[in-house]
Amino acid sequence: MFHMLSCFTLKDGVQIDEFKEALDAFTEHMRDQTLIASIGPIGRRRRDTPMDTDDARDHALFFVTHFDDRSQCDSAYSYILAADQQVAKIHYAVMGKVKSDAVFICWEDA
């Protein structure tokens, strides 16, 4: 499998339930298009442990998107970039709630 970690902080005034509702709609659409396998739960970062060693970033939330393979991930990216009205609207419903410093990290199972 291929995975993408999304690290982010919500814009001021945006509630987590509001974000989750938008993410669920986006996830359903992308699954219907067979462009993702699944998305894991939203997690809250816990900086109060010595195991959290990333001092370069201060993102508060994260989730992992799972793809069947790299090709599916790249196809999802191309689909979003093509930005027809439907996908642009549901993608913005998610990303419009996120501060502009989001970080995305991809990896493949060894």
Side-chain angles (χ1 to χ4, degrees):
M1 285 195 98
F2 198 83
H3 313 275
M4 180 179 74
L5 173 65
S6 299
C7 305
F8 60 99
T9 300
L10 296 176
K11 289 180 178 176
D12 293 340
V14 175
Q15 301 300 312
I16 189 76
D17 291 340
E18 209 180 327
F19 177 81
K20 185 177 179 335
E21 184 177 318
L23 182 62
D24 288 347
F26 179 69
T27 300
E28 182 179 341
H29 177 80
M30 295 299 280
R31 251 189 281 165
D32 288 349
Q33 303 302 311
T34 64
L35 292 171
I36 63 168
S38 64
I39 292 182
I42 298 168
R44 289 190 191 275
R45 185 172 184 186
R46 293 299 309 260
R47 296 195 65 132
D48 61 345
T49 172
M51 294 296 282
D52 187 320
T53 61
D54 185 357
D55 294 329
R57 283 167 283 283
D58 198 31
H59 301 101
L61 301 166
F62 61 90
F63 64 88
V64 177
T65 304
H66 307 281
F67 301 92
D68 292 330
D69 53 30
R70 165 78 185 265
S71 176
Q72 187 181 45
C73 178
D74 292 347
S75 293
Y77 183 80
S78 295
Y79 179 73
I80 292 166
L81 273 186
D84 77 8
Q85 260 187 331
Q86 182 183 16
V87 73
K89 182 179 177 182
I90 58 175
H91 188 250
Y92 181 76
V94 175
M95 295 308 295
K97 294 172 178 42
V98 172
K99 289 187 178 179
S100 62
D101 64 345
V103 172
F104 305 96
I105 301 166
C106 293
W107 71 95
E108 190 168 26
D109 293 341

Does the side chain of D32 come within less than 4.5 Å of E28's, by heavy atoms?
yes
With a 4.5 Å limit on heavy-atom distance, are the side chains of F26 and I80 in contact?
yes
Take atom CD of E21 as the centre, draw a 6.0 Å sphere, and report whether it contains more than 12 heavy atoms from other residues, nucleotides or ligands.
no
So, do R31 and I39 sit near enough that their side-chain heavy atoms are less than 4.5 Å apart?
no
Report, one line per pair, each donor and acceptor closer than 3.5 Å where one atom sits in a side chain of residues 1-9; sequence neighbours left out.
unit_1: H3; atom_1: ND1; unit_2: H66; atom_2: ND1; d: 2.8
unit_1: H3; atom_1: NE2; unit_2: D109; atom_2: OD1; d: 2.7
unit_1: H3; atom_1: NE2; unit_2: D109; atom_2: OD2; d: 3.3
unit_1: T9; atom_1: OG1; unit_2: A60; atom_2: N; d: 3.2

For a side chain to side chain contact (heavy atoms under 4.5 Å, CB included) check, start with the C-alpha distance between T65 and M30, then their side-chain angles and the critical distance, and finish with the verdict.
CA-CA 11 Å; T65 304; M30 295 299 280; over 6 Å; no
Look at D58 together with R47 and state whether they make a salt bridge at an N to O cut-off of under 4.0 Å.
yes
Using distance only, find each side-chain donor-acceptor pair of residues 81-95 under 3.5 Å and give its atom names and separation, not counting sequence neighbours.
unit_1: D84; atom_1: OD1; unit_2: Q86; atom_2: N; d: 3.2
unit_1: D84; atom_1: OD1; unit_2: V87; atom_2: N; d: 2.9

Nearest-0.5 Å distance, CD1 of residue I42 to CG of residue L23
5.0 Å
So which atom in T34 and which in Q72 form the shortest heavy-atom distance, rounded to 0.1 Å?
O-NE2, 2.9 Å
In this structure, OH of Y77 is separated from SG of C73 (nearest 0.5 Å) by 10.0 Å
Are L35 and F63 grouped together when hydrophobic residues (ILVMFWY) are joined by side-chain heavy atoms under 4.5 angstrom apart?
yes
Nearest 0.5 Å, what's the OG1-CD1 distance between T27 and I36?
4.5 Å
Check the hydrophobic clustering (I, L, V, M, F, W, Y; side-chain heavy atoms under 4.5 Å; chains of links allowed) and say if W107 and F104 are grouped together.
no
When rounded to the nearest 0.5 Å, the distance separating CG of D12 from NZ of K99 is 5.0 Å
How far apart are the closest heavy atoms of R45 and D54, and which atoms are they?
NH2-O, 2.8 Å
Does some side-chain heavy atom of F67 sit less than 4.5 Å from a side-chain heavy atom of D74?
no
Hey, does the side chain of E18 reach the backbone of V14 with a donor-acceptor pair shorter than 3.5 angstrom?
no
Calculate, to the nearest 0.5 Å, the distance between atoms CD and OG belonging to Q33 and S75 respectively.
11.5 Å
Restricting to non-hydrogen atoms, name the atom on H59 and the atom on A102 that form the minimum distance, rounded to 0.1 Å.
NE2-CA, 4.0 Å
Given the rule that I, L, V, M, F, W and Y join up when any side-chain heavy atoms are under 4.5 Å apart, are V64 and V103 in one cluster?
yes
